[in-house]
Amino acid sequence: MKRLNRLRQSLKIKSMSEILEPRYDHQKHEKEIYELWEKSGYFNPDNLPTASSEFGVRSSKNKKISQTKPRTSNLEPFSIIMPPPNANGSLHLGHAVFVALQDILIRFWRMRGKKALWLPGADHAGFETQVVFDKKLEKEGRNRFTIPREELFKEIWDFTQHNKKIMEEQLRKLGASCDWSREKFTLDPAIIRIVYETFEKLYKDGLLYRDLRVVNWCPKHKTALSDLEVKHEERLDQLYYIKYGPLTLATVRPETKFGDTALAVNPKDKRYSKYIGKEIRALGLLGKLTFKVIADEAVDPKFGTGVIKVTPAHDPADFEIWQRHKKEIPGPKIIIDENGRLTGETGKFAGMKVAEARIKVAEAMKEIGILEKVENDYKHSVAVCYKCGNVLEPIPKMQWFIAMTAKPHQSRDRRPETGDRKKSLRDLGIEAVEKKKIKFYPAHSKKVILHWLKNIRDWNISRQIVWGIRIPVWYCLACSARPESNRGEPKININQEVKSRWFLVRHGETDWNKEGRIMGQSDIPLNKTGMAQAEEAARELKPHKVDLIISSDSARCRQTAEIIKKETGAEIILEKKLRERHHGDIEGLLRKDVFEQYPRIYEYSYEGKYMNAESYRELEERAWEVFSSHHSRHGHKNVVLITHGGTIRMLIKRIKNLTPEAALSIPSRKNAEIIQLDVLDKCENCGGHFYEQDPDVFDTWFSSGQWPFATLMTSDKKMGFHEEVVPQVLDGKTKTYRLRDHGFKVGDKVLFENSATKKIFGYGIITEAKKTTIDKIDYTDKSHYKTYKNLDELMTAFKHKNPEKTFTSKSPAYLYAYDFYPAKNLETDFETFYPTDVMETGYDILFFWVARMVMLGIYTTGKIPFRTVYLHGLVLDKDKKKMSKSKGNVIDPLGVAEIYGSDALRMALVAGNTAGKDIVISEDKIRGYRNFATKVWNISRFILMNKMKDIRHQTSDIRVKLTASDKKNIAEAEKIKDKVGKHIEKFEFHLAAETAYHYIWHTFADKIIEEYKPRLKAETGSEEALGGAASSASGGFAAPRAQAGARRRSERTADSEGPVAAYQTLEAILLECLKMLHPFMPFITEAIFQKLNKGEMLMIERW
RNA sequence: GCGUCUUUAGCUCAGUGGUAGAGCGUUUGCAUGACACGCAAAAGGUCGGAGGUUCGAUCCCUCCAAGACGCACCA
């Protein structure tokens, strides 16, 4: 607090010479002004004064100004949730636009006396950040697929936290008056918790399903994308006409031929009616094939030959055709893998990339004579990744979808109802928009969003990346609910309760591994690489708090175990029965030699006992015996089990209930590879204990779609007696005591007294509610509290009620609580601020974000998330080009703010811009508003010079009679201010800015000031003419009543044509100008206001 | 194919049923009790085209043209 006052003092005028600086130095002022605002606490709406008069009265003696000032929340709320910028880079001009617009709204409504909350945050921005980070890794020669999940997550976490800090500083530089105490990150545990609750609710309502669908797969990023993340590009390609027996069809993708499962024609197409339902024989590249011909409406008889091949695995339309004809034709046959390469199903084409395979396949088809013709320059559009531009491969994948058009049902659970249970998410959205519950600026975006909603499709929310909120679903490894299957119910586990984790770890490398020798039970130690691998594994395991290590007693496992023990501190149990399969006579031989010599030996069979080897069955029996006995004893512990490739294979077979064939076809594990098994409650289906979590994370928009309510529901941690944060008591040395540490608990009544004034200023009951406020207390009504004469009496009272608990402090000068509760009317941020007033964001994320917030907001809370949507456009450069890093035309907002000032930048972004229109900005424009800032500065400078030059002008407390035209001029300024306010109310920011600009420059500066110059110059009457009023000057802090008194006295003075009245008129107009300009140019206006010394802070002046 | 928007001064854009505005730029003056990042003044537009409604249209309606964007399909 002292610091704050010092800061204010430093902002006042110190000398004439300072006043005489003809330029406003934004670099000097902006930092200290922001600090002044932030330190004042007024960004937090809970600290806002009820009315300006209550804090306008103050004395320099009152050092505890903010402690004694009544905080109140009886004010009407006004709230904006800041669109959380992506924490993967720094802010660009687009961000500066939202800062400008939202800050205008917040500052305006704060000045209008509303309880204005602007809640800031940052978005982890899943895929976007992953892409940015992947590029960073690429530069470093690394790649995300080789970094363990936890490590990668941690690295990206640090990366985003770093960026987040930079962004916060940037927001401060731009003058954002947001409440930092409520700042949120999309990966805050409390936010994740809410996201999980929504996920569970959707699941229980049957709106969430997991299904095999042909998804938009990016082979570069190796993840699926939602429909919105797909861009379409026009391409010229070849159209191939291929013979399928008697039929010929056209395709641009001959390489997918291997995945064909049928042919299709239009049912009305007479040319082909004789084939419908028949099987035709065709010559394929891998021999003869038979296809059934089906009839489907989706086939356009006019296209190509009117015949299509059905490739359900690699074409979304074909996938749908298959779904309609499931009984007649085979399902998806996957022939393209996640890397965009052809699979082993394609003979000699296996391993080729799609583009290459297309040419090679066409050539091969030509050779065998089934390629009839090729049409060049066939124009069509292809789906590409919006990030990397690579062609997307349609691949069937199990993914989580949200049903957008299905009505919720309650087959799975009965729970308390929120929202309209009968409507689909889409219909909830449509209704809110159509019934005008949500207002749109620009108005036409309403049509756009409705059009999108009406054509909406189910939303794929799974992303195959690490960075994000992991899907809280576990699959039992033993039964059909496992990930690769579509059957059974997975466990939705939003509490993420995992009893323990078991890790199967293969030993590190030995020389024999390296040489390719068969080891079996030969006791070969680790080599150097093996040691390093073990150390790597140990590091990875350490965070999991390993309780126990169970290891095969073979040297290579024992050594691996020792290394892991060193890192984790867990004890080791050695088990002979976990040894590798005994390979008999071939142990020690080179794998390749054995293969040459006994080609059939590798036809492993489960029962096989070649060359005196042990069979897999025998291995399985002995290993499982040890495993299950340890599991029954140590199932609740985190266990690392170190063993061998073959042994792991057999353990996995048992855990997953695999057939011998399936088990033997699992690829071998790498040295020191870790397999994680989560132990959860027994599977209801099969009694299995081992699970694995869904590896996918949520689409980032799934979490940000819940942002308005999630942020508000979790925004009270600093205010409540909840978990870590508890009511506090300060003693005279400003030491903090947490009441909880002194034995107070829920239900206790607490009374607070200010030792300085000896007044009891608060009384509360500690409750479990999350939010507290003292605002509801009526200080004048003594029935709300009981007074105690002193602290001893107070303490005795507590002692009496809670005999076992006494609060003691060695130097208790006063008690003060930041946080305590009134007994009634508990309100949370959610209740106060939801629905929020305005959602201001770019039109480019209308569907991604706004539409989803509307649907999820109503679905979860039953209420719309915001009353008004204001969409701004993209920021374009002066040639109307979209700014992008690759074009090199990006204006760095902080860079130009450095040069011209944040105020100038903000004005430039607002002026001449309407909702939904792209914003054209150039340095010229920003410079123009910098010039305006200088103008404002010089107007003030001129007035301040007049104030300083003569004691008679020094204060406005000396009231003199104003002339009729003085009054008219002031009234006009007020009228203009009203006009500006009306424009802001109507979201006409450009008109508001231009009105203020025009008035200040071309009326106030050019006309009024010029007009008044002669009067300022004129000699005043005698000192007596001013009466004794000058003596009542009190530095500009007179209370309204005192001012009224001064005014009465001054009515009698006779200065009306003189300099005092002239000065006072100009000052009054200047104040109006500062107010109307403050939302747009907050720094310079506040800086001038501080110098004028007419009140505490312009930011909280009443508009 | 479906949908949305735009077209006004050299540039960027406002705006209104009664024959047009701003900023920047341009031109010409000017040290005027703050400001040359300034002051004073000026030039510059048949408001994309055609038709219609109206006493009257840049504004409302229809069509056309050009451009931008979004969605869907594309074998």
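Source: prediction; values computed, not measured. Throughout, a chain's letter reflects where its sequence line sits, starting with A, and its residues are numbered from 1.
A ring-ring contact (aromatic ring centres under 6.0 Å, His included) check over residues 229-253 of chain A, counting only residues at least two apart or in different chains, returns the pairs A:Y244-A:F291. Sorted by first and then second residue, the side-chain hydrogen bond (donor to acceptor under 3.5 Å, both in side chains) pairs involving residues 438-453 of chain A (not counting sequence neighbours) are A:K439-A:Y441. For residues 240-266 of chain A, every residue pair satisfying the salt bridge (charged side-chain N to carboxylate O under 4.0 Å, His left out) rule, not counting sequence neighbours, is listed here: A:R253-A:E255, A:R253-A:E393, A:E255-A:R358, A:D260-A:K309. Pairs of residues two or more places apart, or lying in two chains, that qualify as salt bridge (charged side-chain N to carboxylate O under 4.0 Å, His left out) and include a residue from residues 910-927 of chain A are A:D924-A:R927.
Taking side-chain N and O atoms only, A:W1001 has a distance below 4.0 Å to OP1 or OP2 of B:C39.
With sequence neighbours excluded, the residues satisfying side-chain contact (heavy atoms from CB on, under 4.5 Å) with A:T995 are A:I976, A:K979, A:V980, A:H983. Shown here are the side-chain contact (heavy atoms from CB on, under 4.5 Å) partners of A:A317, two or more places apart in sequence or in another chain: A:D315. Remark: A:D427 pairs with no residue by the salt bridge (charged side-chain N to carboxylate O under 4.0 Å, His left out) rule, at least two apart or across chains. Listed by chain and number, the residues in a salt bridge (charged side-chain N to carboxylate O under 4.0 Å, His left out) with A:E233 are A:R235 (sequence neighbours excluded).
Side-chain atoms of A:K1013 come within donor-acceptor range of the base of B:A34, with a qualifying N/O pair under 3.5 Å. With hydrogens and angles ignored, no donor-acceptor pair closer than 3.5 Å exists between the side chain of A:E988 and the base of B:A14.
For the C1' atom pair drawn from B:C35 and B:A42, the interatomic distance equals 23 Å after rounding to whole Å.
Taking a 4.0 Å limit (strictly below) on heavy-atom distances, residues 976-987 of chain A does not reach RNA chain B anywhere. At a non-hydrogen distance threshold of 4.0 Å, A:R930, A:N931, A:T934, A:K935 from residues 927-936 of chain A come into contact with RNA chain B.
Nearest to the side chain of A:L228, among B:A72, B:A75, B:C71, sits B:C71. Ranking B:A34, B:C35, B:A75 by closeness to the A:H380 side chain, first place goes to B:A75.
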Hey, can you pull the donor-acceptor pairs under 3.5 Å for the side chains in residues 296-306 of chain A, sequence neighbours left out?
residue : atom : partner : partner atom : Å
A:D296  : OD1  : A:A298  : N            : 2.8
A:D296  : OD1  : A:R324  : NH2          : 3.0
A:D296  : OD2  : A:R324  : NE           : 3.0
A:D296  : OD2  : A:H325  : NE2          : 2.7
A:D300  : OD1  : A:K302  : N            : 2.9
A:T305  : OG1  : A:T248  : O            : 2.5
A:T305  : OG1  : A:V307  : N            : 3.4

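With the 3.5 Å cutoff on both pairing distances, Watson-Crick and G-U pairs in RNA chain B assemble into runs of at least 3 at B:1-7 with B:65-71, B:10-13 with B:21-24, B:26-30 with B:38-42, B:48-52 with B:60-64.
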